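Down below is the structure, laid out as C-alpha cells.
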Amino acid sequence: MDFLRRIIALMFKEFIMILKDPKSRFVIIGPPLIQFFVFGYAATYDLKNVRYAVFDESRTPESRQLLSRLEGSENFELTKTLLADKEIDFVINREKARLVIHIGPDFSRNLHMGRSATVQVIVDGRNSNVALIALGYIGNIVEQYNRELVKNGVVSMNGPGVELVDRAWFNANLQSRWFIVSALGGIISMVVVMILTSLSVAREREFGTFDQLLVAPFNPAEILVGKSLPGMVFGLMDALLFAAGAVYWFGVPFRGTIGALVLALGCFILTIVGVGLLVSSVSMTMQQALLGSFVFMMPSVILSGFATPIENMPHWLQIGTLLNPLRHVIVALRDIFLEGADASMIWHQLWPLLLMAGFTLPLAGWMFRHRSQ
Amino acid sequence: MTPRHLFFMRLRGILRKEVLQILRDPSSIALAIVLPLVLLFIFGYGLSLDAENVPIAIVLKDNGSTARDLAARFDQSSYFKTIHLTSMAQATDLLNQRRVDGIVHLQSDFSSSLFTRNQSPVQVIVNGIDANRARLIQGYTRGVLQKWIELRQARGEPVVSPSVKVSQRIWFNEAAISRNFLVPGLITLIMTLIGILLTALVVAREWERGTMEAILVTPIRRVDLLLGKMLPYFILGMLGMGLSVAVGTTLFHVPFRGSIVALFILSALFMLASLGFGLLISAAIRVQFVAAQISIIAGFLPAFFLSGLVFDLDSTPRFIQILSHVVPARYFVSISHTLFMAGDVWPVLLPNALALAVMAVLFTSLAFRKITKRLEG
C-alpha cells in the first residue's frame, strides 16, 4: 500500500510539472496533432502537377493526340510550349519545368511508314525519385497510345507483340499516402515521448532537485515508474489520436484489430520511454539530454523504413536495423492497418520491443543512483 | 577608449564565455562533428530509393524456348533476384508472406498465342503496399521487356516493336542515383540541427539558471549578447557543413558541380536564418523544456517534411506549398541540389538566396528585439 501511495504521489508531481505551465501543456497536444495533418499531406511519393514543357516539331494530328493524353492527366501540368532546341536547356536548368517532351519533325511520317517513331523525354534528375516516377507515368501513357494506334488502324501489327499487364495487390491504385500515414503516427509520438522523458531527469539534475528526490523515501524503481508514466500516458494518447486521424481524416483503411494496435503502440512507447530515461539518466544538463535524444532519433527515423525501404539497404545494415524500435513498430502498424494483422500476427515485432524495454528501463533506474556528482 | 574599442572588448568577453561554455560541454561539439559523420555514413551506405535484387517469382507455365528466353532476361537483370515456380498458388503464397515483392506470370499459351494471335500478355503482379517501390518494380519489368524486344530484333527474330518509343535522358544525374540527391539534402538537415536546436537552448538556459540576471548587470549590450550567442554556433555549423561536403564528395562520390564560393556564401545565409530562428525561440520562450519542443516542432521536423528533401513539394496540396515558404530549409535544399548536381545556375540560386537573406534579417532582428535587458519578459 505504501508503495502505491508513494508512486501516486510521485506521479502527481510529474504530471503537475508538465501541466502547470501553459506552454508545456500546449506543446504536448497541439503541435503534434497539427504536424500529423500537415505532414500527412506533405509526405507522399505520388506525383501530381509535374511541370513539363513541350517541344513539338512534328505538329501533326498524331503528335497532338499523344500530347493531349499528357495534358489530360492530373499527374502533369503543362507550363510552356517551346519553339527552339536551345530552350530545353533553359527551362530545365532554371527549374521552369521538371521535364521536356520533344517530338521530332519526322514523328508522324515514321509512324505512317511503319517505322518506329521516337519521343524524347528530358528529365531534371536533381530529384532522381521524381524523375524515375515521372518517366514511369510517361511510359504508361505512351504504351496506351501505342495500343490505340493499332486499334485505330493507324499502324498495323507487323509481327508478334508482347503486352505487359500490370496489377498491384493490396493497393490497386498505388497510393503512397496509406503507406506513409499509417507509419507517421509512430514517428511523431516517438518524438513527443522521447523529448518528454529525456528531459525529465536532466531537468531535475540541472536544477539540483534530483538529489532531493534521491534522498526522499523513494527507491529507484519507484522513481522510474513515476518518471515513465507521464510519457506513457501522453505518448499513447497522441499515438491513438494519430491512428484515429489516419483512418477518419486520411481514409487509410483499418483492417486489423484495435487490440493489436493498442498493444503495438503500448510496447513501442514503453521502449521509447526506456531509451528516453536512459538518455536522461546519463545527461547532466538539458542540452545533453536533447542532443542525446537526437543522436538516437535521427538514425532511427532514417533506418526505420519510413521514407526509404529497408530492403534497399546493404545486408549488414538491414541486420543493424533490428535494434531500431521504430522499425518494428512501423512494420507492425502497416501490418495492422493495411494487411489486417491481429495481436498474434505482430508478435514478431513485439518481442524485440519488449526485450529492448526490459534492458533500457532497469539500466536507467540503476543509472539514477550511480550517476550523481 | 573609443566606443568601438569598448564594443570589441565587450564582444570578446561574451565570446570567451560562450566558447568556454561550448568547450566544457562537449555535447554541442559532438553534435557538430560526430552526428554529421554518423548520419553521412548511414545516408551514404544505407539509404537508397533505388531497388536492387528485388525478389520476384517467375511462374513459367510455357516451356517453349521463347518463354524461357524471356524468363532468362529477368534472371540476368541486376534489379531482380528470381525464384522459378510452376504454379500461381505457390507464387501468391510467397507474395502474401512477403518473401517476394512481385510475380511475373507467363501462361502456358505464351509462345503459341504470340505467334498465332500476334499478341501475348505478360502478367505482372506487385505488392502495392509500398507504392513507391511497387512503381519502381513495374518500371524495371517494363525495362526488361523492352530490352528483350530489342534483343529479338537484333537477332532478327520476329517481334513487333512498339510504334512509339520513349528515349529518356535524365539530366544532372544520368543513372538516377538517389544518393546524389539525398546527401545534399542531409547537409541541410545537419545545419538545421546545429542552427536551431543548439541555439534554441542558449538564451532560455540563461533565464532558467538565473545567470541572465548576472549578464543584465554587466555593461554588455543586446548587440553584444546576440553576436556572442551567434558567432560560435555559426562557426560550428559551417564546420559541420564543410565536413559533410568533404565526406559526401570524396567518400560517396556525390558530384559537386557548383563553386565553393557560392556554397560558402549561400550556406552562410542559411546558417544565419537558422541561427536567428533558434535564438528567437530561445529568447521568446525562456524555458528550455518548451524551447526544445518548439525547436523540433517548428524547426527540425518541417526541415525534413516540408523542404523537398525526400518528398516532392510540387505534388503536395496548395496549402502545404504555401506553408513550405516559411521553412528556411526549403530554399537551401533547392540551393544544394542545384549546386551539387547542376552547378552555379544563378537564376535558381538567387531567388532562394534572397528568401534566405530576408529570413536571416527578419529572424535575427526579431530575436534582437526579444532579448530584452529587463527581468520581466
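On a predicted model such as this, the values are computed, not experimentally measured, just so you know. As a basis for the values below, the full set of heavy atoms in this structure was taken, side chains included, without hydrogen atoms, waters or symmetry mates. Chain A is the first sequence line, chain B the second, and so forth, proteins listed ahead of strands; every chain is numbered from 1.
In this view, B:Ile190 and B:Pro36, B:Leu39, B:Leu186, B:Ile194, B:Ser244 satisfy the side-chain contact (heavy atoms from CB on, under 4.5 Å) rule, not counting sequence neighbours. Remark: A:Asn93 engages A:Asp89, B:Phe172, B:Val345 in a side-chain contact (heavy atoms from CB on, under 4.5 Å) (not counting sequence neighbours).
A side-chain donor-acceptor contact under 3.5 Å links A:Glu206 to the backbone of A:Met286. Counting only distance, with no hydrogens or angles, the side chain of A:Tyr45 and the backbone of B:Asp312 share no donor-acceptor pair below 3.5 Å. Side-chain atoms of A:Thr79 come within 3.5 Å of backbone atoms of A:Tyr52 as a donor-acceptor pair (strictly under, hydrogens ignored). Between the side chain of A:Ser283 and the main chain of A:Thr285, no donor-acceptor pair closer than 3.5 Å is present. No donor-acceptor distance shorter than 3.5 angstrom exists from the side chain of B:Glu208 to the backbone of B:Ala204, with no hydrogens or angles considered. For the pair B:Ser295 (side chain) and B:Ala200 (backbone), a donor-acceptor distance under 3.5 Å is absent. Within the 3.5 Å criterion, the main-chain N or O of A:Ser300 finds a donor-acceptor partner in the side chain of A:Asn324. Checking side-chain atoms of A:Asn75 against main-chain N and O of A:Val50 turns up no donor-acceptor pair under 3.5 Å.
Most heavy-atom pairs under 4.5 Å with chain A: of the set B:Arg135, B:His337, B:Met341, B:Gln123, this distinction falls to B:Arg135. Interface summary for chain B: among A:Tyr145, A:Phe207, A:Phe39, the most heavy-atom pairs under 4.5 angstrom belong to A:Phe39. Note: B:Asn173 leads B:Asn173, B:Asp101, B:Val202 in heavy-atom pairs under 4.5 Å with chain A. With respect to chain B, the highest number of heavy-atom pairs below 4.5 Å among A:Arg51, A:Glu62, A:Glu77 belongs to A:Arg51. Ranking A:Thr118, A:Asn129, A:Val142 against chain B, the residue ahead of the rest is A:Asn129, based on heavy-atom pairs under 4.5 Å. Ranked by non-hydrogen atom pairs under 4.5 Å with chain B, the options A:Val191, A:Ile101, A:Asp46 are led by A:Asp46. Between chain B and the options A:Lys48, A:Arg177, A:Arg147, the largest number of non-hydrogen pairs under 4.5 Å is found for A:Lys48. When B:Val310, B:Leu301, B:Leu349 are compared by the number of non-hydrogen pairs under 4.5 Å with chain A, B:Leu301 comes out ahead. Counting heavy-atom pairs closer than 4.5 Å to chain B, the top-ranked of the candidates A:Asn49, A:Val295, A:Ile138, A:Ile92 is A:Ile92. When B:Ile320, B:Asp130, B:Thr316 are compared by the number of non-hydrogen pairs under 4.5 Å with chain A, B:Asp130 comes out ahead. Note on B:Leu95, B:Ile137, B:Thr141, B:Asn180: by heavy-atom pairs under 4.5 Å with chain A, the leading option is B:Leu95. Among the candidates B:Phe340, B:Trp346, B:Phe305, the residue making the largest number of heavy-atom pairs closer than 4.5 Å to chain A is B:Phe305.
Contacts of B:Ile125 with chain A are made by both backbone and side-chain atoms, with heavy-atom separations under 4.5 Å. With a threshold of 4.5 angstrom between heavy atoms, B:Phe319 approaches chain A through side-chain atoms but not through N, CA, C or O. When heavy atoms are compared at a cutoff of 4.5 Å, A:Gln35 approaches chain B solely by way of its side chain, counted from C-beta outward. Only the side chain of A:Leu199 comes within contact range of chain B, judged by heavy atoms closer than 4.5 Å. For A:Phe90, no part lies under 4.5 angstrom from a heavy atom of chain B. Residue B:Arg142 touches chain A through both its backbone and its side chain, counting heavy-atom pairs closer than 4.5 Å. At a 4.5 Å heavy-atom cutoff, the contact between B:Asp314 and chain A is made by backbone and side-chain atoms alike. For chain B, the nearby part of A:Leu184 is the side chain; its heavy atoms alone come within less than 4.5 Å. Of the atoms belonging to A:Leu111, it is side-chain heavy atoms, and not backbone ones, that fall under 4.5 Å from chain B. Of the atoms belonging to A:Ile187, not a single heavy atom falls under 4.5 Å from chain B. Looking at A:Gln318, neither its backbone nor its side chain comes within 4.5 Å of chain B, counting heavy atoms on both sides. With a threshold of 4.5 angstrom between heavy atoms, B:Thr338 approaches chain A through its backbone and through its side chain. Both the backbone and the side chain of A:Arg94 come within less than 4.5 Å of a heavy atom of chain B. Contacts of B:Leu313 with chain A are absent, with no heavy-atom separation under 4.5 Å from either backbone or side chain. Using a 4.5 Å cut-off between heavy atoms, A:Val130 contacts chain B through its side chain alone, with no backbone atom that close. Looking at A:Arg334, there are no atoms closer than 4.5 Å to chain B (heavy atoms on both sides), in backbone or side chain. For A:Thr321, no part lies near chain B; criterion is any non-hydrogen pair under 4.5 Å. Contact of B:Ile177 with chain A is made through the backbone alone, with heavy-atom distances under 4.5 Å. No part of B:Arg179 comes within reach of chain A, as not one of its non-hydrogen atoms sits under 4.5 angstrom from that chain. With a 4.5 Å cut-off on non-hydrogen atoms, A:Ala307 touches chain B through its backbone and its side chain both. Of the atoms belonging to A:Ile302, heavy atoms from both backbone and side chain fall under 4.5 Å from chain B. Looking at A:Leu47, both its backbone and its side chain come within 4.5 Å of chain B, counting heavy atoms on both sides.
The two residues B:Ser178 and A:Ser128 make their nearest non-hydrogen contact at CA-OG, 3.2 Å. Heavy atoms only, all atoms of each residue included: B:Leu309 and B:Phe181 are closest at O-CE1, 3.5 Å.
At a threshold of 4.0 Å, the pair A:Arg126-A:Glu95 counts as salt-bridged, since one of the basic side-chain nitrogens sits closer than that to a carboxylate oxygen. Ion pairing of A:Glu339 with B:Arg98 is present here, as a side-chain N (NZ or NE/NH1/NH2) and a carboxylate O approach within less than 4.0 Å.
A:Phe294 and B:Phe300 have their aromatic ring centers within a separation under 6.0 angstrom.
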